Amino acid sequence: MENSVSPAAAAMGTRTVARLVRERAMSSPHLVALRHKDLGIWQETTWSRYWEQVLLAAHGLLSLGVDLADRVSIHSEDRPEWVILDVATVAIRGITVGLYPTNPAAEVRYLLSDSGSRVHLAEDQEQADKLMEVIDTLPDLEKVIHVEPRGFRAYRNDPRFIFWDEFLERGRRHRAENPGAVEQRMREARPDDVMTLVYTSGTTGPPKGAMLDNANAEYCFDELINADGRMPSNVGPNPSDEILTYLPLCHVAERIFSTWTSAVTGTTLNFAESIDTVQENLREVQPTLFFAVPRIWEKLHASVIIKSRDATPLKRVFMSFCSALARVVGRQRVANGGRHTLQSGLLFMLGYPLVFRAVRERIGLRRCRFAATGAAPIAPEVIEFFHGLGVNLYELYGMTENAGFATNNFYGRMKLGTVGEPYPGMGFRIDPETGEIQTKHPGVFRGYWNKPEETAEAFTTDGWLRTGDVGEWVDGTHVKIVDRIKHIIITSGGKNISPSEIENSLKTSPFVKEAMVIGDGRNYLTALVGIESDTVGDWATRRNIPYTTYRDLGSKPEVLELIKRVIARTNSKFARVENIRKFRMLPKELDHEDGELTATQKLKRESMEEVFGDLIVDMYSSRT
């Protein structure tokens with residue numbers, strides 16, 4: 001009965017994420033769909049309860065006058081209300097607009113103004129205060145829903161504000177007065193209904209709202225989430241799987257891996273308390289499926305290294321032996337497409353009960369049967385490390401504009417240093433002149449919201465999506481991402497260099513958090529380096545090196561020598577023309593609100609060159 005669908009469900013029209021949640025509630029009403037923490041205790045929501053909340057929220061939106069293609073924006077950390085309102089908006093054929101929790105007031109104004117949002121969810125007082133700074137510039141905005149009750153006394157008499165519980169109660173009354181209104185909207189849904197605007201990170205200009213419609217999502221359901229051979233033993237996501245939801249849900253990768261995967265396959269979503277508690281929540285949940293951007297994998301990797309340094313001398317020797325064992329196992333596995341060789345299998349059987357199991361338990365991946373990374377490049381050494389522990393970590397590639405659907409390292413066929421093979425049946429090519437990756441399939445987006453010129457520029461004359469990424473074939477089957485076209489450095493000697501490869505090599509060190517390589521139009525490369533304050537601070541404390549602030553720590557002679565050694569190790573991996581000749585330490589931790597990072601934590605290179613221009617000038621004018 002698990003996958004059975006009633007005739008009533010089959011008559012619901014276009015296969016939307018809302019329809020899938022409804023079908024799951026009918027076929028598996030008592031299974032757990034969502035978990036979240038309340039006052040330190042994990043609370044469960046069944047599929048039946050999930051759909052009931054979606055239905056009430058959908059009626060609530062109808063009661064507020066939300067019509068076809070109206071925009072509903074969400075400014076919140078990951079939590080059940082995020083996905084409930086998202087699915088409810090799709091159910092009534094509206095358009096969800098997600099904001100990053102870190103978006104400052106100026107970006108809130110831009111995103112809500114550009115999208116023309118009519119209803120906005122502000123999670124708490126912090127997000128409401130950002131909105132209130134700019135609300136007078138948003139004539140389309142009519143209603144603001146808030147989830148947390150605390151801190152809203154100042155807005156109590158503002159008719160635009162409504163508490164979440166009151167919003168659902170309003171939906172309950174509308175449902176009683178208009179039974180079947182939501183179901184009618186669902187029956188009328190069309191494949192070309194835009195269901196979400198996913199705003200780009202805006203590394204080189206204002207973010208653009210990429211329009212994804214129901215047809216894009218359905219293609220992703222069938223060809224990505226349920227792709228044949230994607231996971232070990234070809235066992236895809238299913239109701240027995242647990243997922244930790246923590247990356248911003250406004251990002252297409254988290255939406256696919258969490259909300260859409262859950263709706264399609266019945267997996268349970270566990271909402272992390274915040275991005276800062278991910279490692280703690282990982283240990284509690286022990287997910288079976290886990291997606292993370294490279295920065296998270298790097299932090300998990302660094303945490304194991306730091307923990308081993310905190311151990312007793314005898315344990316350090318033991319951990320050193322086991323780390324060497326993991327490296328051997330990892331290298332053999334990745335060289336064998338991700339599968340064990342006879343030797344690596346025997347070594348893993350030795351290492352697992354001794355230490356691998358305990359390490360995986362501590363980092364929260366003891367039960368993890370499939371893990372993935374994407375959205376940015378990752379150093380091969382990190383993938384090797386996790387394969388050595390027995391965590392099946394695969395690099396994949398996609399982007400908002402193609403619904404995350406491009407390439408994947410399939411189980412048993414992975415190639416280290418690549419983002420895998422194009423999915424079967426899709427259009428995938430690399431331009432022979434520019435090296436740009438281009439895709440063509442039913443998952444490719446409709447265009448940018450209200451930006452016809454930018455939409456036209458996103459496609460070739462024969463209709464292929466231009467990704468803006470430079471790629472190259474490896475062995476004729478797999479794809480390696482070289483860099484973004486706009487990031488390629490051309491030195492004064494005419495040499496083309498990918499800065500991201502060098503930067504990622506630097507960031508494999510637990511002491512380096514950020515790195516930006518410079519050298520376009522110059523005769524040698526330099527770098528701006530930001531330290532990982534926790535690990536470098538721990539390193540300094542153990543050596544009795546006093547420091548006060550981040551800036552003070554980074555300027556210590558001993559720390560400069562430490563980073564110099566990290567750069568020397570990276571230089572040894574690259575050709576001489578790709579070596580970093582000079583570096584300077586960043587005087588502060590980079591921040592989204594200061595304009596140095598995007599909401600997805602990517603470097604804004606032009607902004608960095610402007611903010612830290614004096615350091616760059618110094619590297620090219622001084623002798624040291």
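The figures here come from the full heavy-atom set of this structure, side chains too, leaving out hydrogens, waters and symmetry mates. Every value quoted in this text rests on a predicted model; they were computed, and no experiment measured them.
Classification of K604 and E596 as a salt-bridged pair fails, no side-chain N sitting under 4.0 Å from a carboxylate O. Remark: E284 engages K37 in a salt bridge, criterion side-chain N to carboxylate O under 4.0 Å. Using a 4.0 Å cut-off between a side-chain N of Lys or Arg and a carboxylate O of Asp or Glu, R413 and E421 qualify as a salt bridge. At a threshold of 4.0 Å, the pair K564-E561 counts as salt-bridged, since one of the basic side-chain nitrogens sits closer than that to a carboxylate oxygen. Using a 4.0 Å cut-off between charged side-chain N and carboxylate O, D618 and K582 make no salt bridge. Salt bridge annotation for E401-K208: absent, with no cationic side-chain nitrogen under 4.0 angstrom from a carboxylate oxygen. Between R605 and E503 there is a salt bridge, with a side-chain nitrogen of the basic residue lying less than 4.0 Å from a carboxylate oxygen of the acidic one.
Side-chain contact between M585 and I563: present, with at least one pair of heavy atoms (C-beta onward) separated by less than 4.5 Å. At least one side-chain heavy atom of M231 sits less than 4.5 Å from a side-chain heavy atom of R369.
With sequence neighbours excluded, the residues forming a salt bridge (Lys or Arg N to Asp or Glu O under 4.0 Å) with E298 are R295, listed by chain and number.
Of all heavy-atom pairs between Y411 and G338, the closest is CE1-O, 4.3 Å. Between P422 and T477, the shortest heavy-atom contact is CD-O, 3.7 Å. Closest approach of L506 to T570, counting heavy atoms only: CD2-OG1, 3.4 Å. The minimum heavy-atom distance linking D483 with H487 is given by the pair OD1-CB, 3.5 Å. Contact detail for N504 and I378: the closest heavy-atom pair is ND2-N, 4.4 Å.
With F290 as the partner, the ring pair (Phe, Tyr, Trp, His ring centres under 6.0 Å) test is satisfied by one option alone out of F370, F386, Y394, W297: W297.
Among residue pairs with one or both ends in residues 506-521, those qualifying as salt bridge (charged side-chain N to carboxylate O under 4.0 Å, His left out) are K513-E589; sequence neighbours excluded.
Because its NZ or CZ atom is not both nearer than 6.0 Å to the ring centre of F612 and within 45° of the ring axis, R584 does not count as a cation-pi partner of that residue.
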